[in-house]
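Below is one structure; the comments refer to it alone.
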Amino acid sequence: MTDFTATRAAFHLPEGMIYLDGNSLGPLPKAATERVAQVVRDEWGDHLITGWNECGWMQAPARMGDRIGKLIGAEPGHVVVGDTLSIKVYQALAAALDLNPDRRVILSDTGNFPSDLYMAEGLIRLLGPEYELRLVAPDNVAEAITDDVAVTMLTEVDYRTGRLHDMADLTRRAHEAGAITVWDLAHSAGALPVDLSGAEADFAVGCSYKFLNGGPGAPAFIYVAPRHAEAAQPALSGWLGHDRPFAFDLAYRPGEGIARMRVGTPPIVQIAALEAAMDVWDGVDMGDLRDRCIALSERFIAAVEAACPEIELASPRDPQQRGSQVSFRFENGYAAIQALIAQGVIGDFRAPDIMRFGITPLYLGESEIDAAAEAIARVIGDGLWNKPEYLARKAVT
Ligand SMILES: *Cc1c(COP(=O)(O)O)cnc(C)c1O
């Protein structure tokens with residue numbers, strides 16, 4: 001059994017704050033403060049350039065990749081970290097299209113995160129007008145996987161509603177239709193069990209600053225299935241993905257396997273924070289996490305719905321169809337979230353009317369869930385949201 005008291009004790013949670021936004025930015029693992037200080041002070045400070053050899057900096061992206069890989073069912077040696085998720089989406093999509101050269105259609109859904117769609121648009125601009133980004137409603141993805149689709153580019157858990165795609169089923173359908181799959185695990189990694197290998201996923205990407213708690217700017221990850229490892233062509237052919245970076249050859253030659261998905265210099269200080277965050281996961285069973293997440297989510301939904309009949313559940317009601325977040329629709333959602341933040345309950349807002357709450361059992365329990373539901377009852381039931389200071393929009397929502 002996972003000891004959730006121990007995982008909770010591993011995080012710094014500000015006094016008086018109930019944090020339901022771990023789906024946007026995970027909280028600080030206490031050990032990260034010292035680990036980052038140590039890397040800065042002892043490794044950077046004392047080793048300087050030799051740190052690349054003496055402190056394991058060059059291997060850090062693969063080492064972190066394997067630690068994340070364990071949580072997402074990846075084979076060892078097939079995940080690497082670096083860059084940001086948008087970059088990794090571009091790399092995975094470009095490599096996947098290249099593996100299916102006779103087709104021109106990228107299939108995605110209207111629930112996908114805009115940056116993924118924007119990256120696809122940018123890639124299409126480069127590849128030529130015969131390429132098409134085809135968007136369908138999330139519920140229609142299965143039937144839209146026709147035999148002209150080159151690549152399905154899907155985010156497993158919808159960032160707005162928490163709706164969960166069936167990765168194994170859609171991957172099987174894609175393969176039957178001759179398509180290659182790119183799965184975005186931004187809201188899956190560290191949120192629920194993922195089995196990339198079992199689902200026979202082709203490519204996967206995700207970020208480490210949401211449910212994995214690696215900190216703002218923590219590097220993204222990319223997975224390439226072993227069967228594609230030597231065939232996948234890196235579109236962003238930077239020197240650290242080269243077969244021999246320090247030969248300084250004038251011509252690019254992709255490195256072995258997943259190493260070719262590296263681009264440039266890895267963010268060593270940020271990786272130090274991620275390393276401390278990954279230590280927390282060592283004792284966590286993803287099945288336990290999922291069970292606890294569902295129990296807490298059901299409790300939250302029941303309490304909010306009982307107190308606030310005017311707001312509507314935007315997430316699927318069936319917990320098996322949800323990721324690790326619960327969303328509600330409320331016309332004045334933006335102001336309501338501001339009023340909640342003023343009460344110490346941190347959720348977030350996604351246009352046009354979605355109030356999002358991340359349910360993260362690593363550091364949340366029944367008492368926080370109940371207190372958050374009570375705060376929502378005050379803000380919405382008693383109309384606390386309706387004040388000028390809550391109605392004015394800030395840049396980051
Ligand atoms: C959070 C998120 C991103 C963000 O990408 P960055 O490059 O890390 O800013 C992209 N795609 C999805 C699906 C996300 O949820």
Side-chain angles (χ1 to χ4, degrees), residues 20-26 61 64-65 68 71-72 79-94 96 106-123 133 135 138 141 151-165 167 170 181-192 194 196 201 203-223 235-236 261-264 266-267 270-271 273-274 277 314-315 322-327 347-351 354 356-360 395-397:
L20 300 179
D21 213 0
N23 50 308
S24 277
L25 176 68
M64 284 300 106
I68 294 172
L71 300 183
I72 54 175
V79 180
V80 74
V81 307
D83 316 297
T84 76
L85 177 50
S86 304
I87 302 285
K88 278 359 211 180
V89 167
Y90 189 90
Q91 278 186 304
L93 184 59
I106 302 162
L107 178 69
S108 192
D109 70 56
T110 52
N112 206 346
F113 190 79
S115 196
D116 295 32
L117 304 178
Y118 302 160
M119 294 314 275
E121 285 177 29
L123 181 58
L133 173 60
L135 296 182
V141 168
V151 177
T152 60
M153 182 185 76
L154 299 167
T155 297
E156 190 189 18
V157 177
D158 188 302
Y159 76 103
R160 274 208 199 93
T161 63
R163 179 216 26 78
L164 176 63
H165 273 313
M167 182 189 289
L170 292 177
T181 56
V182 174
W183 284 102
D184 190 325
L185 305 179
H187 296 273
S188 310
L192 68 162
V194 177
L196 288 175
F203 292 83
V205 294
C207 50
S208 67
Y209 52 80
K210 291 174 180 160
F211 291 91
L212 294 176
N213 313 308
F221 63 85
I222 183 166
Y223 163 83
L236 301 175
M261 292 299 165
R262 294 177 62 162
V263 182
Q270 193 70 61
I271 286 176
L274 176 59
S315 298
R322 276 198 311 264
S324 193
Q325 75 186 59
V326 171
S327 305
D348 65 18
F349 171 79
R350 287 293 174 264
I354 298 271
R356 283 197 314 182
F357 302 97
I359 311 295
T360 49
V396 176
T397 61

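In listed order, ligands and their atoms are each counted from 1. All heavy atoms count here, side chains included; hydrogens, waters and symmetry mates do not.
Near Tyr209, with a cut-off below 4.0 Å to any heavy atom, the atoms of ligand 1 are 1 (C), 4 (C), 5 (O), 6 (P), 8 (O), 9 (O). The ligand atoms of ligand 1 that sit less than 4.0 angstrom from a heavy atom of Asp184 are 11 (N), 12 (C), 13 (C). Within the listing of ligand 1, atoms 12 (C), 13 (C), 14 (C), 15 (O) sit less than 4.0 angstrom from a heavy atom of Ala186. Ligand 1 places these atoms under 4.0 Å from at least one heavy atom of Lys210: 1 (C), 2 (C), 3 (C), 14 (C), 15 (O). Within the listing of ligand 1, atoms 13 (C) sit less than 4.0 angstrom from a heavy atom of Thr155. For ligand 1 and Asp116, the ligand atoms under 4.0 Å from any heavy atom of the residue are 10 (C), 11 (N), 12 (C), 13 (C).
Between Tyr159 and Pro114 there is a side-chain heavy-atom pair separated by less than 4.5 Å.
Polar contact check, Tyr159 against ligand 1: no nitrogen or oxygen pair lies under 3.5 Å apart.
Of the possible donor and acceptor atoms, none in the side chain of Thr161 sits under 3.5 Å from a partner among the backbone N and O of Ala314. Side-chain N or O atoms of Arg160 include none that pairs as donor or acceptor with a backbone N or O of Ser327 at under 3.5 Å.
Ligand 1 has no atom lying under 4.0 Å from any heavy atom of Lys88.
The two residues Gln325 and Asp158 have their closest heavy-atom pair at NE2-O, 3.8 Å. When all heavy atoms of His165 and Thr155 are compared, the closest pair comes out as CD2-O, 3.5 Å. Residue Ser24 comes nearest to Lys210 through the heavy atom pair O-CG, 3.5 Å, listed as atom of the first residue, atom of the second, then distance.
His187 contributes atom NE2, which lies 5.5 Å from atom CZ of Arg356 (distance to the nearest 0.5 angstrom).
In terms of protein heavy atoms, atom 7 (O) of ligand 1 is closest to Ser86 OG, 2.7 Å.
Residue contacts with ligand 1, taken as heavy atom pairs separated by less than 4.0 Å, involve Leu85 via backbone and side-chain atoms alike.
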